[in-house]
Amino acid sequence: MDVQYFVSIFILLWRRTDSSDAYPKLCFPEDFMFGVATASYQIEGGWNVSGKGESIWDRYTHQYPERVFDHKNGDVSDDSYHRYKEDVKLLKELGVNFYRFSISWPRILPTGFINDINKDGIRYYNELIDELHRNNIEPVVTMYHWDLPQVLQDLGGWTNPIIADYFVDYAKVLFKEFGDKVRFWLTFNEPLSFCHDGYGGNDAPGGQASGLEDYMCGHNVLRAHGKVYTLYSKEYRNEQQGSIGITLDIAWMEPATTSKEDQDAAETARQFTYGWFAHPILTDEGDYPQIMRQRIDQNSKRQNFARSRLPHFTSDEVQEIRSSFDFLGLNHYTTYMVSPGDNKTSAVPSFNNDMGVSMSQKAEWPKSNSSWLKVVPWGFRKALNWVKTTYNNPNILVTENGISLKPGLHDPKRVNYIDGYLRALHDAIYKDKCRVIGYTYWSLLDNFEWMRGFSERFGLYEVDYESAERTRSPRLSASYFNNVATTGCLPTSSDDYVEYTLTNK
Ligand SMILES: *[C@@H]1O[C@H](CO)[C@@H](O)[C@H](O)[C@H]1NC(C)=O
Ligand SMILES: *[C@@H]1O[C@H](CO)[C@@H](O)[C@H](O)[C@H]1NC(C)=O
């Protein structure tokens, strides 16, 4: 802890008491939960130890180091595989109610299949979960946060329909081994991201068939999710008493102007990016959003495909997928302005052509250290309200929200970001009656930020990647979040933090 950090805390505390009269204290509901999140490949390291199998991120970063911004990988990362006890100490120090982490499929099943269950992998997650419980921290467990066993990718990965059955086998192992100790499960993290970027973008496994493979991936993810939800209800729910959800990411899509064209384009963008996964689960229609169905069917026909590039669900699948959630995980970071695209009809299938909109961000929006992430707290409130009205106000756990900044322990901009977004969330809960049960900051620690390597830092705790110990140090934002998590209230107005930022550059 350096002097600057200490001074910062002092100023923060001083400002808090100084201004408490001027601004009403905003508090969250009594049972509202605060937590932080991580994901296996981004923090664990230990990529080839204790029987772990190769994942698609191991393969991809080793095969194409030049595609990662800093040419790095997650071989060691935060070394949390060996340092998880230290991480739980940080969680305890933060005072959070829960910890959202993910289980690495190839650490549990090195071959991808249940013919080989890795005892060391089971031991690791049992120890982590037990350590959390010893410290009164609730585990919130993501089953799949992008590190697919490479063996399964060699069979086509998420584009092969049979993967749904193998995912069910994997989930069964997790329920059997950990289900008595886990109350909150998430099947998938951000299928929009891993289907779109993994099969039609730049992420692992490097698929380049947008408009085909991304839709196949999405289809099989939804099928797999429905099957696992059904499995839990049939075989485990009574005994284990947990709840299951899926985490979908939502960027707010704001019409560029009030014109009908822009409003329609923004709604189309919402349906393509969020409705793609939400509509089959949260509505009774048993299909993708109407606008997706219509545009992709039409484009497929024009491009001389024999059938739509957007698959259909069987009636059994519709039954399994419909209402397959106890709560909905929601990741939100930023906002885009949306207008119609140039409407050129391309012979090349692609998600973007099918969606047919143009998205941008305003120059005046405060920046982060990620090109795509601008600070727009009001977009969070609008996103939550749109989910509420479109899907009949489902129970939501905010499973990610956060900002990347340059390294450094003095991060008032991160304090401002969290404070601003929490104020928007408070309005959504108290003024708009959105049902939100908890908030998760991404992330506990700096970590391997996928194709951006270690160049984008999201942590409440900084990680020193030059030290063999991967030393963790609390940032100013850790003390801010500790205060929020332990009091359940926001200490001062956000204006106060803006002022604070300016006076403490
Ligand atoms: C594991 O990977 C490291 C590189 O990260 C390599 O040096 C080491 O030899 C590997 N160990 C095994 C057992 O393959
Ligand atoms: C875009 O194309 C569609 C079908 O190709 C057409 O119906 C629509 O009128 C076009 N929109 C604009 C704004 O040109």
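Ligands are counted one by one from 1 in listed order, and the atoms in each one are counted from 1 as well.
With Glu44 as reference, Arg107 is the one residue of Arg107, Arg83, His82 to meet the side-chain hydrogen bond (donor to acceptor under 3.5 Å, both in side chains) rule.
Below 30°, between 30° and 60°, or above 60°: for Phe327 and Phe184 the angle between ring planes is above 60°, a perpendicular geometry.
The protein non-hydrogen atom at the shortest distance from atom 4 (C) of ligand 1 is Trp47 NE1, 3.9 Å. Distance from atom 2 (O) of ligand 1 to its nearest protein heavy atom, with residue and atom name: Asn48 ND2, 2.3 Å.
Put simply, the side chain of Val387 reaches to within 4.5 Å of the side chain of Tyr274, judged on heavy atoms.
The Asp75 neighbourhood of ligand 1 comprises atoms 5 (O), with distances under 4.0 Å to a heavy atom of that residue.
For the pair Asp326 and Arg237, the salt-bridge criterion is met [side-chain N within less than 4.0 Å of a carboxylate O].
Protein heavy atoms are absent from the space less than 4.0 angstrom from atom 9 (O) of ligand 1.
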